[in-house]
Asks: 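The following block contains the structure, expressed as structure tokens.
Only heavy atoms go into these numbers, but all of them, side chains included; no hydrogens, no water, no symmetry mates. Computed from a predicted model, the values in this text were never measured in an experiment. Residue numbers begin at 1 in each chain, while the letters A, B, ... track the order of the sequences.
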Amino acid sequence: MKKQYSINLEKKWQKFWGKEKIYKFNPQKKATFFSVDTPPPTVSGKMHLGHAFSYTHIDIIARYHRMIGENVFFPFGTDDNGLPTEKLVEKENNVNIFNMKRNEFISLCQKTLKKLRPEFIRDWKNIGISCDFDLTYSTISKDVQRLSQKFFIDLYHKNRAYRGEFPVLWCSNCQTAIAQADLEDKNIESFFVNIKFELEEEGEIIIATTRPELLSSCVAIFVHPNDKRYKNLINKKAIVPIFGQKVLILEDEKVNPEKGTGIVMCCTFGDVTDVEWYFDHKLPLKISINPNGTMNELSQKYQGLKIKEARQKIIEDLEKEGKAIKKEKISHIVNVHERCGTEAEILVNWQWFIKYLDLKDDFIKIDKKIKWFPEYMRKRYENWVKGLKWDWCISRQRYFGIPFPVWYCKRCQKIKIAEISQLPVDPLNSKPKTSCSCGSKEFIPEESVLDTWATSSLTPQIAIDLIKNKNIKEKLFPMSLRPQAHDIINFWLFYTIARSKLHFNKIPWKTVMISGFVLDPKGEKMSKSKGNVVFPQEIISKYGADVLRHWAAKASLGEDIRWDEKEINASKRTIIKLWNAARFCLSNLKDFNNKKINFKNLEDEDKWILSILEETIKDYHYNLKKFEFKKSREVIDNFFWKYFCDNYLEIVKPRFYNKNISKNSKNAAQSVLYILLLSVLKLYAPFMPHITEEIYQSYFKKWEKEKSIHLSLLPEFNKKLLNTKIKKDFEEIIDLISSVRKYKSEKGFSLKKEINKLIIESKNKNKIEKHSNLLKSVMNIKIIEFKKIFQDSINVNSNIKIQIEE
RNA sequence: GGGCAAUUAGCUCAGGGGUAGAGCGUUUCGUUCACAUCGAAAAGGUCGCAGGUUCAAAUCCUGCAUUGCCCACCA
């Protein structure tokens with residue numbers, strides 16, 4: 001081993017693992033299957049620190065299961081269809097999707113992905129992830145298209161997928177329907193305008209609104225049924241300013257009498273409540289907004305203006321007419337499209353939906369069969385399911401996605417679904433295999449594509465589809481683990497459970513493990529706009545992947561962590577310490593091999609450390625089985641630093657340096673050192689795969705049979721090696737050493753300063769006397785004497801007193 | 001407004017009825033013999049507040065406060 005630890009060794013082992021296919025899924029092995037539904041990252045340029053963080057957690061778990069002998073199925077995938085890719089491609093090539101032909105844009109997407117994907121995946125290899133990269137999927141590949149279309153058709157035949165003209169959330173910037181989950185909140189400055197409406201008969205009412213541009217869409221006015229102020233208005237008609245239509249005043253409990261004037265206008269559609277009123281009160285439909293975010297002919301003289309322009313113009317006109325009596329600047333929270341920040345509109349459109357609102361209770365019930373780590377995260381899922389108000393709109397008016405395998409008959413408009421044998425199919429480029437039941441052979445293709453989540457909700461099926469053997473496929477599903485971060489519980493996790501319920505009436509995985517986020521040192525989210533983004537590749541080139549991984553493993557499951565470069569130093573120290581400790585051990589194991597391991601002549605310190613090692617192994621397994629990698633890391637760190645390095649190595653040194661040590665004692669020390677170091681390496685291997693591999697290869701490989709430490713088995717807890725009595729007795733020796741160290745430290749002496757005489761008073765004289773030579777050499781003491789002490793004593797513990805003569 | 005979580009040392013966080021813990025930071029001391037990218041040691045806390053249960057509460061229960069997240073509200 002080299003004297004200096006170097007992070008260059010990481011690249012070497014990454015190549016080795018790839019070349020030797022160390023992480024290859026080997027279903028022939030007779031063992032329990034452990035299948036991971038790896039999150040496919042969106043190809044969006046670079047990996048961010050949150051990725052490095054949560055994928056480390058996943059990898060630790062996968063490596064752990066591999067090292068307890070399980071058959072680990074750990075595929076990799078990239079999510080590269082849909083809007084994010086389109087945005088990336090537009091940016092990367094400096095083009096605008098609306099100025100391009102559909103086919104040209106799609107091929108540009110394919111070309112760009114082909115260029116960026118390998119570089120993107122390399123980031124994952126750089127953190128040492130142990131996926132089987134022979135099992136890699138892309139959500140836009142032909143195979144996945146076939147599979148996604150097949151499952152769409154399944155839903156269609158189950159009467160779960162339907163086409164309808166319904167109010168949908170709409171992004172006027174991206175010009176596509178979006179789902180509830182695509183929304184995020186944004187604080188937006190706006191005006192709350194009080195508008196005067198004349199009543200048909202006599203009098204007037206004041207309505208407060210932030211959306212005066214929707215006056216032309218006003219179809220009713222609502223007051224609260226218990227609002228005494230307005231009781232007399234109910235069922236009367238009011239005249240909408242500027243546009244002059246007469247609308248009924250109705251009552252509804254959803255009105256908040258405290259808000260504005262307590263009178264609210266209902267437009268089709270200003271918000272979700274409007275949609276509910278539209279259905280509940282069977283109101284007419286009046287749409288004023290075009291899909292591109294401009295006003296349509298219904299808004300008369302405002303036609304062609306953008307929404308915000310129209311809003312301003314209408315306010316001006318209302319003011320001129322004296323109809324706008326108060327304008328108040330407010331900042332309020334509105335729903336915007338997560339991808340582009342545009343305020344979401346509600347338009348009526350022909351879209352494809354998955355009907356699932358009737359299954360809300362079932363989604364909650366089936367989830368109870370899944371184990372959540374941490375358990376409290378389950379509530380977020382349940383909360384989301386309970387709050388669902390819309391069926392899942394799965395069509396998007398985009399180019400780069402998986403097409404619907406659907407046509408419509410030109411003559412009778414009937415839906416024509418593709419046949420399974422012709423999948424994957426793009427209805428724009430091909431035709432149905434048979435004619436319509438009405439006899440017509442002419443069809444109009446569906447131009448929309450499937451929502452990204454409609455495909456990524458099938459990742460268990462996509463991943464398992466990479467395996468061709470039927471028996472093995474069955475063993476892989478339901479999968480063992482879905483690991484992911486908490487931000488997409490409402491999307492990816494929920495949709496996957498929903499699909500699994502709809503298609504198979506089964507849970508998709510047995511367990512869910514939720515990671516947190518990496519925040520900046522102030523506890524704020526990292527974002528490009530704030531300029532506080534930390535790139536993991538920069539951390540890796542500075543400290544190495546093992547350091548980053550060791551740091552990432554200190555987080556509690558589900559908890560966010562703050563990035564603080566100071567804290568990564570603790571991890572760096574651990575790696576260097578491991579390097580140096582290994583160097584010391586190996587220099588004393590040169591003439592040793594595993595055939596010489598012999599536990600017959602163990603000294604008490606050997607039994608003591610082996611006993612603590614067993615406790616460590618026990619706690620390590622106990623915690624990792626519960627996905628508590630943080631605690632397992634603590635357990636092994638503690639053993640390594642406190643017991644192995646600080647005490648055992650110091651105590652054992654004389655057995656290598658002193659020439660008058662017996663061969664048997666030296667052999668015992670070497671045996672223990674061999675076992676200890678190998679155990680420490682293995683226990684650390686899931687956390688720090690590179691350095692542990694380097695040390696393993698440089699010595700242990702010769703004697704152990706596995707060609708990589710990552711294919712070896714972790715030590716199992718062996719009750720026989722626990723030795724509570726020796727452990728307890730020897731702890732007194734450690735206490736004694738500590739007390740002498742403390743004495744020297746307080747006096748300002750070097751720890752190596754020679755001490756003339758140590759006087760010990762103890763009831764257990766014999767037990768201590770046995771270790772006199774050890775104490776003398778570790779603490780550099782000339783004489784040890786046992787007698788009663790009358791003054792100047794130091795209490796070591798309740799049993800032992802000492803006095804020191806320099 | 002509903003839900004979830006957090007509140008412990010200067011900082012980041014463990015612990016979960018019986019003596020208050022770690023790492024970082026601070027201070028002091030110490031290097032030929034694995035490691036100064038190190039070691040030894042010290043200082044440092046009414047465990048958010050108020051009640052209750054108990055022989056005993058940081059820990060369990062109730063309420064409150066503060067912070068964060070998810071959802072709802074968006075007229």
Asks: For a quick test of reading the model, state the closest non-hydrogen atom pair linking A:E251 to A:H281 and the distance between them.
Replies: O-CE1, 3.7 Å
Asks: Of all the nucleotides listed (B:A40, B:G23, B:A14), which has the minimum atom distance to the side chain of A:L751?
Replies: B:A40
Asks: Which nucleotide in the set B:U12, B:G39, B:G30 lies at the smallest distance from any side-chain heavy atom of A:S750?
Replies: B:G30
Asks: Any base atoms under 4.0 Å from A:D487, or only sugar-phosphate, or nothing? Heavy atoms, all strands.
Replies: nothing
Asks: Just name whichever nucleotide pairs with B:U19, Watson-Crick or G-U, keeping both distances under 3.5 Å, else none.
Replies: none
Asks: Does the base of B:C35 carry an N or O that pairs as donor and acceptor with the side chain of A:K577 under 3.5 Å?
Replies: yes
Asks: Select from A:N335 and A:R741 the residue whose nearest nucleotide in RNA chain B is closer to the 5' end of that strand.
Replies: A:R741
Asks: Does A:R380 put a side-chain nitrogen or oxygen below 4.0 Å from OP1 or OP2 of B:C4?
Replies: no
Asks: Mind checking A:S587 for me? I need base, sugar-phosphate or nothing, with any heavy atom below 4.0 Å counting as a touch.
Replies: nothing
Asks: What nucleic acid atoms does A:E343 come within less than 4.0 Å of, heavy atoms only: base, sugar-phosphate, or nothing?
Replies: nothing
Asks: Does B:A14 pair with anything, Watson-Crick or G-U wobble, both distances under 3.5 Å, and if so, with which nucleotide?
Replies: none
Asks: Can you tell me how far P of B:C70 sits from NE2 of A:H486, to the nearest Å?
Replies: 8 Å
Asks: Please report the closest heavy-atom contact between A:M526 and A:L49, naming both atoms and the distance.
Replies: CE-CD2, 4.0 Å
Asks: Please lay out, stage by stage, how A:Q670 and A:D591 fare under the test side chain to side chain donor-acceptor pair (under 3.5 Å).
Replies: CA-CA 9 Å; A:Q670 284 181 319; A:D591 55 343; 2.9 Å; yes
Asks: Tell me which nucleotide among B:A14, B:G39, B:C73 gets nearest to the side chain of A:V272.
Replies: B:C73
Asks: Any side-chain N or O of A:K744 less than 4.0 Å from the OP1 or OP2 oxygen of B:G30?
Replies: no
Asks: Go ahead and name the base partner of B:U62; Watson-Crick or wobble counts if both distances stay under 3.5 Å, otherwise write none.
Replies: B:A50
Asks: Could you identify the nucleotide paired to B:G25, looking across every strand shown and requiring Watson-Crick or G-U wobble geometry with both distances under 3.5 Å?
Replies: none
Asks: Does A:R583 put a side-chain nitrogen or oxygen below 4.0 Å from OP1 or OP2 of B:C38?
Replies: no
Asks: Whether A:E382 and A:R380 form a salt bridge (side-chain N of Lys/Arg under 4.0 Å from carboxylate O of Asp/Glu) is what I want to check.
Replies: no
Asks: For B:A14 and A:S556 - does any side-chain N or O of the residue sit under 4.0 Å from the phosphate oxygens OP1/OP2?
Replies: yes
Asks: Could you state the atom-to-atom distance from CD of A:E565 to C1' of B:G25 in whole Å?
Replies: 16 Å
Asks: Could A:K630 and A:E559 be called an ion pair, given the rule that one side-chain N must be under 4.0 Å from one carboxylate O?
Replies: no
Asks: Compare all side-chain heavy atoms of A:L649 with those of A:L673 and state whether any distance is below 4.5 angstrom.
Replies: yes
Asks: Write down the partner of B:C38 under the Watson-Crick or G-U wobble criteria, each distance required to be under 3.5 Å.
Replies: B:G30
Asks: The side chain of A:N383 lies closest to which of these nucleotides: B:C70, B:G23, B:A42?
Replies: B:C70
Asks: With a 4.0 Å cutoff (strictly under), does any side-chain N or O of A:K742 reach OP1 or OP2 of B:G39?
Replies: no
Asks: Is it the case that the side chain of A:S571 and the backbone of A:W551 share a donor-acceptor pair, with hydrogens and angles ignored and the cut-off at 3.5 Å?
Replies: yes
Asks: Ignoring backbone atoms, test whether A:K631 places a side-chain nitrogen or oxygen under 4.0 Å from the OP1 or OP2 oxygen of B:G15.
Replies: yes
Asks: Please pick, from B:C73, B:G23, B:G39, the nucleotide with the shortest atom-to-atom distance to any side-chain atom of A:D646.
Replies: B:G39
Asks: Can you tell which of B:C35, B:C24, B:U12 lies closest to the side chain of A:N580?
Replies: B:C35
Asks: Whole Å only: how far is the CD1 atom of A:I794 from the P atom of B:A41?
Replies: 13 Å
Asks: Both distances below 3.5 Å, Watson-Crick or wobble geometry, any strand: find the nucleotide opposite B:C4.
Replies: B:G68
Asks: Given that A:K3 and A:G523 both sit by RNA chain B, which one's nearest nucleotide is further toward the 5' end?
Replies: A:K3
Asks: Given atom CZ of A:R633 and atom C1' of B:A14, what is their separation to the nearest angstrom?
Replies: 12 Å
Asks: So, is A:N490 near the phosphate of B:C71, with a side-chain N or O under 4.0 Å from OP1 or OP2?
Replies: yes
Asks: Taking NZ from A:K630 and P from B:U12, how many angstroms apart are they, rounded to a whole number?
Replies: 14 Å
Asks: Who is the Watson-Crick or G-U wobble partner of B:A57, with both distances under 3.5 Å?
Replies: none
Asks: Whole Å only: how far is the CD1 atom of A:I489 from the C1' atom of B:A5?
Replies: 12 Å
Asks: Taking any strand in view, what nucleotide pairs with B:G45 in a Watson-Crick or G-U wobble way, both distances under 3.5 Å?
Replies: none
